[in-house]
Amino acid sequence: AETLDSLAERAQEKRKSVRIFRKVAETLDSLTSTLEAVRETLTAKRARLGEIRCRRFLCAPDAAGRVECLSMQHLRRSTYLLFAGYSDGRVRQWDVQAEAVVRVFLAGREHDAKCMCFGGDRMFTAGEGGAIKVWNLGGSGAAAAAAAAAAAPDPGQ
């Protein structure tokens, strides 16, 4: 009688194990489906990334020559100023969202800005000839430049 009881007990344990294995198999199938869906999504995104092309969205209105250097200034949550130094000796301040020149700094042909940086309310440009020019943006730096940008016309136009 004990053997029958122990056999019944073992059979019940095996049935329990089979149920557990079936649940594990179902879970694995579900995870495999999810993984395949993620793979398909990633493959599609990679394909789209491969299709992204760079577009020329900022063109100076007065045939400014080559862009020698760039600097981006972040003012507020969605306000950016882009400063571009050109081979014609000018530094143009762009409104990125409007895709328009809002201010021009005239350095002269002998000073094509090769690099620039900002400190407080000043912009510093360095040219190939070794000259460093300091530009007063007025007020409190980039914020003042943004305010001045709205009011200042482009003298090159």
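Distance CZ/F21 to CG/L28: 11.5 Å, rounded to 0.5 Å. Note that CE of M123 is 6.0 Å distant from CZ of F83, once rounded to the nearest 0.5 Å. Separation of atoms CZ (R66) and CG (D88) is listed at 10.5 Å; rounding is to 0.5 Å. If you take CZ on R90 and CG on L106, they are separated by 5.5 Å, rounding to the nearest 0.5 Å. Annotation: the span from R10 atom CZ to T3 atom OG1 amounts to 9.5 Å, rounded to 0.5 Å.
Sorted by first then second residue, the side-chain hydrogen bond (donor to acceptor under 3.5 Å, both in side chains) pairs that include residues 29-44, not counting sequence neighbours, are E36-R39. Within the structure, salt bridge (charged side-chain N to carboxylate O under 4.0 Å, His left out) contacts touching residues 12-25 (residues at least two apart or in different chains) do not occur.
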- Message: For V104 and V91: C-alpha separation, side-chain torsions, deciding distance, then whether side chain to side chain contact (heavy atoms under 4.5 Å, CB included) applies.
- Response: CA-CA 6 Å; V104 176; V91 174; over 6 Å; no

- Show the numbers, then the answer: is there a side chain to side chain contact (heavy atoms under 4.5 Å, CB included) between W135 and M116? CA-CA 10 Å; W135 306 88; M116 67 182 67; over 6 Å; no

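Annotation: side chain of E68 is in contact with side chain of S87 (closest heavy-atom distance under 4.5 Å). Contact annotation: the side chain of R92 never approaches that of F105 to less than 4.5 Å [non-hydrogen atoms, C-beta and beyond].
Residues C69 and A113 approach most closely at SG-O, 3.5 Å, considering heavy atoms. F124 approaches G119 most closely through the heavy-atom pair CE1-N, 4.0 Å. In terms of heavy-atom proximity, N136 sits nearest to R103 at O-NH2, 4.2 Å.
By the 6.0 Å contact criterion, CD1 on I132 is open, its count of non-hydrogen atoms from other residues, nucleotides or ligands being 12 or less.
A continuous path of ILVMFWY side-chain contacts below 4.5 Å connects M72 to V101, so both sit in one hydrophobic cluster.
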